[in-house]
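So the structure is just underneath, and the comments pick up after that.
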Number of protein chains: 2
Amino acid sequence: MISDRQTKEREFRKEQIIKAALTVFKNNGIEKATMDEIAKEADFGKATLYYYFSSKEEIFIEILNRGWKMIWESIEPVIHDKDKPKDTFIDALNIIGSLVRNNQSLFEFLFTVPQKMPSSLNEDAHAWKGFQRRMYGVFQGLLEEGMAKKEFPQMRSDILMRAIGGLFHGLFFLGNERKPMSRQTMEEFITTFIGNYGTT
Amino acid sequence: MISDRQTKEREFRKEQIIKAALTVFKNNGIEKATMDEIAKEADFGKATLYYYFSSKEEIFIEILNRGWKMIWESIEPVIHDKDKPKDTFIDALNIIGSLVRNNQSLFEFLFTVPQKMPSSLNEDAHAWKGFQRRMYGVFQGLLEEGMAKKEFPQMRSDILMRAIGGLFHGLFFLGNERKPMSRQTMEEFITTFIGNYGTT
DNA sequence: TCATGTTTCGAATCTTAAGTCGAAAATTAA
DNA sequence: TTAATTTTCGACTTAAGATTCGAAACATGA
């Protein structure tokens, strides 16, 4: 008989483990994010982690799922405005920007770990993949509508997506400096790089 | 007494091993680029690899050193033209673009493996780090001179570097599609993103 | 308070891949 | 032809880190 409180405590402990995993990732990088380290950080025995998660991968997947869910739910409210695709696009980018600013290491995890790990993290079945796909779809859609309205340069939208994705990634995660990029700086870049068309 | 031919054959075999390593990297990704796989691909026994290289890392470092040397030697001839920084900048980018187009997987190795491996690959002492540093220095210098001449938007050059680095990376290495980016497409992007200022 | 279920953990096991060893095969040169 | 040198390699060792085991500690509710 599992009481309500028990369930909540279980959730809480899972939470702690996830936080510990992110801390270890932040301090040591993904390669050195071992179960031993996470256990130490979470102040649990290693075997206890396996009581809550069936594998290390499951911990990582949980992080990805929660993170991408958050991203999706943050942009979802603004993306339906199809009136001015470019403004909507920039709004959404700015929203993600502030999320990143707020928790740089989480997003570094979300955006870099799947690349670095060929494992099953990337399987389509995972929830986070769905959010990611939806997000890319929305952005690409906005790009295409924006192009139709001449608000963006006329290019193959998939390639433009890659370019903007890379640009965003570069701004936030390249270089040694891990200082957050201010909203102002980011806006400056967005308008400089993709803002010189149509409205604005 | 090591004859001249022997020396050459040794070099040749090292070459084969390096090629095999890159092939395995291309097919399996860096995680699965194991000495066993490389040996199989090179058609040598594993122990033989250690006769030619003292460690797996040494193989990787050799790849990085050769690759970055090539990059540097390819752009070096054009970067001294300080007359029109922006044109010079674009020339250099185009040169690197064609190198990448020519050997996508080598460059994927050069540009992604050091990030994925915290190991000693990244130590400043390695030759490739020197080439990389020099290259970044040159690009950033061109950016600064170009800004002074109003050929580029006025921004913090280090951040602009990150943005362009990310953009370039995104164009070539993001997404599933590993088709090479044509020179024309690339030029289109460069002019669209950083080309709308000053001359041109 | 006891029987049952839940949570914890150190120690043991399993797995993968790097690196080593010692002997054999091949090559060279006198 | 043969001794020395160079090259090759399968089998072994090691190391790190994920995962499992089994028993203990703890909590809960009759």
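Reminder, nothing fancy here: chain letters follow the sequence lines and each chain counts from 1. Every value quoted in this text rests on a predicted model; they were computed, and no experiment measured them. Computed over heavy atoms, backbone and side chain alike; hydrogens, waters and symmetry mates excluded.
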Checklist line | Contacting residues from residues 32-45 of chain A, given that a heavy atom lies under 4.0 angstrom of DNA chain D | finding: Thr34(A), Met35(A)
Next item on the list: In whole angstrom, give the distance that lies between atom NZ of Lys8(A) and atom P of dA27(D).
Entry: 20 Å
Next item on the list: Taking all heavy atoms of Leu174(A) and all of Gly166(B), pick out the closest pair and write down the distance.
Entry: CD2-N, 3.8 Å
Under 3.5 Å, which donor-acceptor pairs do the side chains of residues 31-43 of chain A form with other protein atoms, sequence neighbours left out?
{"from": "Thr34(A)", "atom 1": "OG1", "to": "Glu37(A)", "atom 2": "N", "distance (Å)": "3.1"}
{"from": "Glu37(A)", "atom 1": "OE2", "to": "Lys40(A)", "atom 2": "NZ", "distance (Å)": "3.4"}

Next item on the list: Could you list the residues that satisfy ring-ring contact (aromatic ring centres under 6.0 Å, His included) with Tyr50(A), not counting sequence neighbours?
Entry: none
Notebook entry, point to check: Would you say a side-chain N or O of Arg10(B) is under 4.0 Å from OP1 or OP2 of dT7(D)?
Noted result: yes
Note to self: Rounding to an integer number of Å, can you tell me how far Glu9(B) CD sits from dT28(C) C1'?
What the structure shows: 12 Å
Note to self: Going by the rule side-chain contact (heavy atoms from CB on, under 4.5 Å), which residues pair with Arg183(A) if we only count those two or more places apart in sequence or in a different chain?
What the structure shows: Asn94(A), Arg101(A), Glu187(A)
Check: Between Phe131(A) and Asn65(A), is any pair of side-chain heavy atoms under 4.5 Å apart?
Finding: no
Checklist line | Whole-Å gap separating P (dT6(D)) and CZ (Arg13(B)) | finding: 12 Å
Notebook entry, point to check: What integer distance in Å separates Ile17(B):CD1 from dC9(D):P?
Noted result: 10 Å
Next item on the list: State which residues pass side-chain contact (heavy atoms from CB on, under 4.5 Å) with Glu11(B); sequence neighbours excluded, sorted by chain then number.
Entry: Lys14(B), Arg66(B)
Check: Between dA18(C) atom C1' and Phe60(B) atom CZ, what is the distance in whole Å?
Finding: 12 Å
Note to self: What is the distance, to the nearest angstrom, from the CG atom on Leu49(A) to the C1' atom on dT8(C)?
What the structure shows: 11 Å
Below 3.5 Å, can you tabulate the donor-acceptor pairs from side chains in residues 69-77 of chain B to any protein atom, sequence neighbours excluded?
{"from": "Lys69(B)", "atom 1": "NZ", "to": "Glu73(B)", "atom 2": "OE2", "distance (Å)": "3.2"}
{"from": "Ser74(B)", "atom 1": "OG", "to": "Met70(B)", "atom 2": "O", "distance (Å)": "2.7"}
{"from": "Glu76(B)", "atom 1": "OE2", "to": "His80(B)", "atom 2": "NE2", "distance (Å)": "2.8"}

Check: Heavy-atom contacts under 4.0 Å between residues 23-31 of chain A and DNA chain D, which residues?
Finding: none
Notebook entry, point to check: Looking at dT6(D), dG19(C), dT6(C), which one has an atom nearest to any side-chain atom of Tyr51(A)?
Noted result: dT6(C)
Next item on the list: Could you label the plane-to-plane angle of the Tyr52(B) and Phe44(B) rings as parallel, tilted or perpendicular, counting under 30° as parallel and over 60° as perpendicular?
Entry: tilted
Check: Under the ring-ring contact (aromatic ring centres under 6.0 Å, His included) test, which residues partner Phe109(A), sequence neighbours left out?
Finding: Phe25(A), Phe60(A)
Note to self: Taking the basic N atoms (NZ, or NE/NH1/NH2) and the acidic carboxylate oxygens, is any pair closer than 4.0 Å for Glu9(B) and Arg13(B)?
What the structure shows: yes
Next item on the list: Could you state the atom-to-atom distance from CZ of Phe53(B) to P of dT7(D) in whole Å?
Entry: 14 Å
Notebook entry, point to check: Once you round it to whole Å, what is the distance between P of dG19(C) and CD of Glu57(B)?
Noted result: 8 Å
Item checked: ring-ring contact (aromatic ring centres under 6.0 Å, His included) against Phe107(B), all qualifying residues, sequence neighbours excluded -> Phe111(B)
Check: Residues in ring-ring contact (aromatic ring centres under 6.0 Å, His included) with Phe172(B), at least two apart?
Finding: Phe168(B)
Next item on the list: Would you mind telling me which of dA18(D), dA18(C), dT7(C) lies closest to the side-chain atoms of Lys56(A)?
Entry: dA18(D)
Next item on the list: Find the bend of the helix from dT1(C)-dA30(D) to dA30(C)-dT1(D) as the angle between its two terminal axes (five pairs each), to the nearest 10°.
Entry: 10°
Next item on the list: For the residue pair Ser54(A) and Glu58(A), confirm or rule out a side-chain donor-acceptor distance under 3.5 Å.
Entry: yes
Next item on the list: Summarise protein proximity over nucleotides 20-25 of chain C in one line of letters, 5' to 3': B for base, S for sugar-phosphate only, - for none, counting protein heavy atoms closer than 4.0 Å.
Entry: BB----
Notebook entry, point to check: Is there a side-chain contact between Ile63(A) and Leu106(A) (heavy atoms, below 4.5 Å)?
Noted result: yes
Next item on the list: Would you please confirm or rule out a distance under 4.0 Å between OP1 or OP2 of dT7(D) and any side-chain N or O of Thr48(B)?
Entry: no
